[in-house]
Amino acid sequence: MSAERNRQKRNRILTWIINLVGILIFVLILYLGGVEAWRQIIQSDWRYLLAGLAATLVWNLIAAYRWFLIADAVTEGNHGPSYRYYFTYHMLGMAAGQLVPISVGMLGGRPVALSLSGTVPLRRAVLSVVLDKFFDLILALSLLIPAACYLVDWISLPSPWG
C-alpha cells in the first residue's frame with residue numbers, strides 16, 4: 001500500500017512539474033520575442049486577437065481529443081490518464097516545438113510526457129503520436145488537391161470549401 005501511495009505522490013509531483021515547465025516555456029517564448037512581439041500584441045485589434053486565441057484553443061482541444069481517442073485505442077483497454085492530461089501534454093509538445101525542432105517537441109515530448117504518467121508504456125505512447133501525425137498527413141494530402149486547383153485558378157473558391 002505504501003509503494004502505491006509513493007507512486008501516486010511521485011506522479012502528482014511530476015504532473016505539477018510538467019505543467020509548470022509548460023508555463024515557463026510559454027513565458028520564455030514571450031520574453032525572447034522581445035519588445036516588438038509585446039507591442040504587436042498590445043496595439044492589435046483585440047477582437048481579432050481574441051478570435052485568433054479562441055480558434056487556436058478550439059483547434060488544440062480537438063487535436064488533443066483526437067490524440068486521446070487514438071491513444072485509448074492503441075493501449076488496448078489499458079485506460080491512460082484523463083483527457084485533460086492529453087491536452088496538457090499536447091500543449092507542452094507544441095511549446096517545446098517552439099524552442100527545439102518541431103519533430104523533437106511533438107514527436108518526442110508528447111510520448112515521453114504520456115509515458116511518464118505511469119499508465120501508458122513508452123512504445124504505445126510513441127505509436128499513438130505517430131498515428132496522430134499520420135492522420136494529420138492524410139488530412140493535409142486530402143486538402144492538397146483542392147487547394148492546388150484553386151491556386152492555379154482551375155476552380156473557384158467555394159469548390160475547395162465543399
Side-chain angles (χ1 to χ4, degrees), residues 3-38 40-41 44 48-148:
E4 181 66 28
R5 175 178 268 166
N6 287 337
R7 183 171 168 246
Q8 287 177 349
K9 183 177 180 181
R10 183 186 51 135
N11 286 343
R12 194 173 328 122
I13 291 170
L14 187 60
T15 301
W16 274 98
I17 290 172
I18 289 173
N19 288 330
L20 289 175
V21 166
I23 292 169
L24 290 175
I25 289 172
F26 178 70
V27 169
L28 180 67
I29 290 169
L30 289 178
Y31 175 75
L32 293 176
V35 176
E36 182 59 31
W38 286 102
Q40 288 179 2
I41 290 171
S44 66
Y48 293 125
L49 182 66
L50 292 176
L53 287 174
T56 302
L57 175 67
V58 168
W59 180 258
N60 283 305
L61 285 169
I62 291 170
Y65 187 68
R66 183 187 67 212
W67 179 39
F68 169 71
L69 293 175
I70 291 170
D72 191 44
V74 166
T75 56
E76 298 173 340
N78 180 13
H79 296 292
S82 66
Y83 166 70
R84 64 189 170 107
Y85 291 105
Y86 283 90
F87 179 72
T88 302
Y89 301 154
H90 175 77
M91 294 310 292
L92 283 173
M94 296 277 288
Q98 299 299 316
L99 300 174
V100 296
I102 192 70
S103 58
V104 174
M106 290 299 284
L107 297 176
R110 289 189 337 173
V112 168
L114 182 59
S115 70
L116 287 175
S117 69
T119 57
V120 179
L122 181 61
R123 285 183 158 198
R124 295 291 179 163
V126 169
L127 180 61
S128 71
V129 172
V130 169
L131 287 175
D132 184 46
K133 290 290 123 192
F134 182 70
F135 180 84
D136 285 344
L137 175 67
I138 296 301
L139 181 63
L141 289 176
S142 68
L143 298 175
L144 178 70
I145 293 172

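Note that the numbering runs from 1 along the sequence shown for the chain. When reading the values below, keep in mind they use all heavy atoms of this one structure, side chains included, and skip hydrogens, waters and symmetry mates.
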Checklist entry - If you take all heavy atoms of Pro121 and Ser115, which pair is closest and at what distance? => result C-CB, 4.3 Å
Item to check | Closest approach of Ser128 to Ile70 (non-hydrogen atoms, all atoms of both residues) | outcome: O-CG2, 3.6 Å
Item to check | Note, Leu69 side chain near Tyr86 side chain (heavy atom, < 4.5 Å) | outcome: no
Next on the checklist: Enumerate the side-chain hydrogen bond (donor to acceptor under 3.5 Å, both in side chains) contacts for residues 50-64, please, sequence neighbours excluded, ordered by first and then second residue.
Outcome noted: Asn60-His90
Checklist outcome for this item: Closest heavy-atom pair, Pro111 versus Ala125, reported as atoms and distance to 0.1 Å, is O-CB, 3.5 Å
Next on the checklist: Strictly by salt bridge (Lys or Arg N to Asp or Glu O under 4.0 Å), give each pair with a member in residues 98-118 just once, sequence neighbours left out.
Outcome noted: Arg110-Asp132
Checklist entry - Which residues satisfy the salt bridge (Lys or Arg N to Asp or Glu O under 4.0 Å) test with Arg123, sequence neighbours excluded? => result none
Checklist entry - Who are the side-chain contact (heavy atoms from CB on, under 4.5 Å) partners of Ile17, not counting sequence neighbours? => result Ile13, Val21
Checklist entry - Tell me, do Leu114 and Tyr85 make a side-chain contact under 4.5 Å, heavy atoms counted? => result no
Next on the checklist: Quick check: closest heavy atoms across Arg66 and Asp136, and the distance to 0.1 Å?
Outcome noted: NH2-OD1, 2.8 Å
Next on the checklist: Would you compute the distance between atom CD1 of Ile62 and atom CG of Leu57 and round it to the nearest 0.5 angstrom?
Outcome noted: 9.5 Å
Checklist entry - What residues, two or more places apart in sequence or in another chain, satisfy ring pair (Phe, Tyr, Trp, His ring centres under 6.0 Å) together with Tyr89? => result none
Return all side-chain donor-acceptor pairs below 3.5 angstrom for residues 138-145, not counting sequence neighbours, or 'none' if the list is empty.
from, atom 1, to, atom 2, distance (Å)
Ser142, OG, Ile138, O, 3.4
Ser142, OG, Leu139, O, 2.7

